[in-house]
Amino acid sequence: MTRDPFAHIDVHRLRSGPGLKWGSLASGVLGAWVADMDFGVPPAVRESVIRLAEREDFGYPFWPGEDPVAEAFEERMAARHGWTPRPGRTRVLADVIQILQVMIELATRPGDGVAIHVPSYPPFLASIARAGRRIVPLPVTRTGHGWGFAAEGLTDRLRAEGCRMLVLVNPHNPTGRVFTRAELAALAEAARELDLAVVADEIHADLAYAPHRHVPFASLGPGTAARTITATSATKAFNIAGLRCAVAHVGHDGVWEALSRVPQEYFGDPGIVGRAATVAAWRESADWHAGLMRTLERNRLTIERWAADLPWDLGHHSPQATYLSWFDFTGTPLKGGAPAERLEREARVRLSEGADFSQGTPVDTSGYARLNFATSPDVLDEILGRLTPALSGGSS
């Protein structure tokens with residue numbers, strides 16, 4: 001019988017290794033913060049790396065014809081997400097954060113507004129601010145049906161803020177929303193009216209739960225595709241973040257021309273190991289990914305039941321994608337800000353601090369925290385078992 005690679009994890013292996021998620025923790029603290037998974041990697045990924053090592057083949061990469069990472073990306077988008085990327089417009093870079101930083105520099109000027117849904121991935125907010133651009137927050141707020149944003153008057157708001165770029169994180173981190181085609185169409189219309197460049201971070205696209213389906217922003221039509229830079233990677237869905245390989249599909253002609261004038265050496269070139277692992281993930285790891293999604297779905301439902309059984313409202317909506325849960329602690333005995341810091345101290349569990357997801361904006365997420373549930377069911381049970389008494393003010 002084949003061993004289930006998601007049923008159990010070796011916490012000692014994780015603690016003793018070089019990984020940030022567990023290696024940086026104090027003894028006895030459980031890691032449920034940074035968005036790495038606790039599992040291993042798909043067999044095809046492991047074998048691709050081993051083959052390179054056995055061949056001692058770590059020289060400069062070469063391939064005849066199109067970059068195999070670009071080919072694998074284009075194949076996957078067409079087969080899995082129903083979008084056919086424009087040929088010859090895919091560049092391979094190190095990671096999605098680098099892609100955003102490069103595109104900000106090429107498509108905007110210092111002082112320009114860059115719109116982004118908030119709360120948002122903290123490095124994205126930091127990238128916008130670091131580049132001397134202004135963060136224009138599009139608040140993602142809680143409704144009776146989950147998380148959403150106000151589309152009414154969107155164009156006028158962005159015009160008033162002097163926006164030149166929209167950064168779209170879909171599926172959304174940290175709420176786990178999968179934006180609908182109607183929501184994306186409202187954003188596309190605003191981008192059309194204001195002639196905005198759009199950076200669509202779709203790195204969590206392969207982590208959507210049925211019946212939700214990811215819609216690539218560039219698939220909304222030729223006009224939208226012509227202003228969109230799609231950024232993605234195999235890193236989140238296949239657990240290879242440390243191998244540093246991502247793709248940018250540049251539909252925007254002006255940005256493509258500007259990018260083509262900059263030597264590739266300016267950005268650096270991902271190495272052969274990350275490239276091989278990415279191709280193996282996208283082309284040869286469907287069974288592993290299906291098993292992963294079954295485990296994540298089980299964990300997602302475990303958290304849903306746990307949150308529903310608490311005597312307080314955590315403001316929790318099960319994520320429609322990702323392995324991240326976004327909790328509002330303001331209605332619990334833990335109210336008062338910095339809940340992740342307090343839970344690490346009192347429950348010996350590290351979550352991601354909510355305030356980091358709205359840094360540099362007027363949006364207040366100081367009473368929130370994000371939990372990463374990409375772990376084995378038994379470790380998740382231990383995490384939740386520690387959180388419950390800490391939330392009640394008791395010992396953990």
Side-chain angles (χ1 to χ4, degrees), residues 2-58 94-98 121-123 173 203-204 206-207 233-246 268 270-281 284-285 288-289 291-292 295-296 299 322-325 340-341 343-345 347-353 356 369-384 386:
T2 304
R3 182 181 68 87
D4 181 354
F6 310 105
H8 301 286
I9 63 165
D10 184 348
V11 173
H12 175 72
R13 176 187 70 83
L14 294 169
R15 288 192 193 280
S16 61
L20 172 67
K21 183 181 178 185
W22 287 86
S24 64
L25 300 179
S27 177
V29 174
L30 298 178
W33 62 302
V34 67
D36 275 345
M37 296 192 285
D38 291 343
F39 311 117
V41 298
V45 170
R46 183 174 182 273
E47 289 161 10
S48 72
V49 175
I50 289 173
R51 280 197 300 271
L52 288 173
E54 289 177 339
R55 288 168 55 91
E56 302 180 22
D57 202 354
F58 298 114
D95 56 39
V96 169
I97 300 170
Q98 182 195 32
Y121 182 46
N173 173 14
I203 198 170
H204 291 101
D206 287 339
L207 294 168
S233 171
T235 56
K236 294 301 179 188
F238 297 93
N239 207 29
I240 53 173
L243 295 183
R244 299 294 188 192
C245 186
I272 193 169
V273 177
R275 289 174 177 275
T278 296
V279 172
E284 303 175 49
S285 301
W288 184 93
H289 180 262
L292 168 72
T295 297
L296 294 181
N299 287 354
T322 79
Y323 41 77
L324 308 167
S325 288
E341 178 184 340
L343 287 169
E344 183 169 1
R345 183 173 64 250
R348 308 291 285 168
V349 175
R350 180 177 290 184
L351 308 184
S352 295
E353 199 69 82
D356 294 341
R370 190 190 73 178
L371 181 147
N372 175 350
F373 58 83
T375 192
S376 60
D378 58 326
V379 171
L380 179 62
D381 287 342
E382 185 175 355
I383 287 169
L384 300 180
R386 291 187 183 191

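Heavy-atom basis, side chains included; hydrogens, waters and symmetry copies ignored. Residue indices begin at 1 and follow the sequence shown.
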**Request:** Could you give me the CA-CA distance, side-chain angles and deciding distance for Phe373 and Ile383, then say whether side chain to side chain contact (heavy atoms under 4.5 Å, CB included) is met?
**Result:** CA-CA 9 Å; Phe373 58 83; Ile383 287 169; over 6 Å; no
**Item:** Qualifying residues under side chain to side chain donor-acceptor pair (under 3.5 Å), relative to Thr322, sequence neighbours excluded
**Value:** none
**Request:** List in chain and number order the residues that pass side chain to side chain donor-acceptor pair (under 3.5 Å) with Ser376, two or more places apart in sequence or in another chain; answer none if no residue qualifies.
**Result:** Asp378
**Asked** Side chain of Asn239, backbone of Met37: donor and acceptor closer than 3.5 Å?
**Response** yes
**Side chain Glu341, main chain Glu353, donor-acceptor under 3.5 Å** = no
**Request:** Please name the pair of heavy atoms, one in Val273 and one in Phe58, separated by the smallest distance, quoted to 0.1 Å.
**Result:** CG2-CE2, 3.5 Å
**side chain to side chain donor-acceptor pair (under 3.5 Å) pairs, two or more places apart, involving residues 5-17** = none
**Prompt:** Got a second to check how far Leu30's CG is from Leu14's CG, nearest 0.5 Å?
**Reply:** 11.0 Å
**Complete:** CG of Asp4 to OG1 of Thr295, rounded to nearest 0.5 Å, is 5.5 Å
**side chain to side chain contact (heavy atoms under 4.5 Å, CB included) evaluation trace for Thr235 with Asp95** = CA-CA 9 Å; Thr235 56; Asp95 56 39; over 6 Å; no
**Request:** Starting at CG of Leu296, measure out to NE2 of His289 and round the result to the nearest 0.5 Å.
**Result:** 8.0 Å
**Taking every non-hydrogen atom, the tightest pair across Val96 and Ser233** = CG2-CB, 4.5 Å
**Item:** Minimum heavy-atom distance between Ala44 and Ala280, given as atom pair plus value
**Value:** O-CB, 3.6 Å
**Asked** Do side-chain atoms of Arg348 reach the backbone of Arg386 as a donor and acceptor pair under 3.5 angstrom?
**Response** no
**Prompt:** To the nearest 0.5 Å, how far apart are CD1 in Ile97 and OH in Tyr121?
**Reply:** 3.5 Å
**Asked** With a 4.5 Å heavy-atom cut-off, do Leu207 and Leu292 have their side chains touching?
**Response** yes
**Check against side chain to side chain contact (heavy atoms under 4.5 Å, CB included), Val349 and Leu384** = CA-CA 9 Å; Val349 175; Leu384 300 180; over 6 Å; no
**Asked** Which residue pairs pass the side chain to side chain donor-acceptor pair (under 3.5 Å) test when at least one of the two sits in residues 21-43, sequence neighbours left out?
**Response** Lys21-Asp38, Trp22-Asp38, Asp38-Thr375
**Prompt:** Which pair of non-hydrogen atoms, one from Ala277 and one from Val49, has the smallest distance, and what is that distance?
**Reply:** CB-CG2, 4.5 Å
**Fill in**
Sorted by chain and number, sequence neighbours left out, side-chain contact (heavy atoms from CB on, under 4.5 Å) with Ala35 holds for Lys236, Tyr323, Leu324, Arg370
**Request:** Measure from the side-chain N and O atoms of Arg275 to the backbone N and O of Pro270, and report whether any donor-acceptor pair falls under 3.5 Å.
**Result:** yes
**Item:** Chi angles and distances behind the side chain to side chain contact (heavy atoms under 4.5 Å, CB included) call for Leu243, Thr278
**Value:** CA-CA 9 Å; Leu243 295 183; Thr278 296; over 6 Å; no
**Prompt:** Any idea which heavy atoms bring Ser285 and Val45 closest together, and the distance?
**Reply:** OG-CG2, 4.2 Å
**Request:** Sequence neighbours left out, what passes ring-ring contact (aromatic ring centres under 6.0 Å, His included) with Phe6? Give chain and number order.
**Result:** Phe39, Trp288
**Request:** Identify the heavy atoms of Ala369 and Leu351 that sit nearest to each other, and give their distance.
**Result:** CB-CD1, 4.0 Å
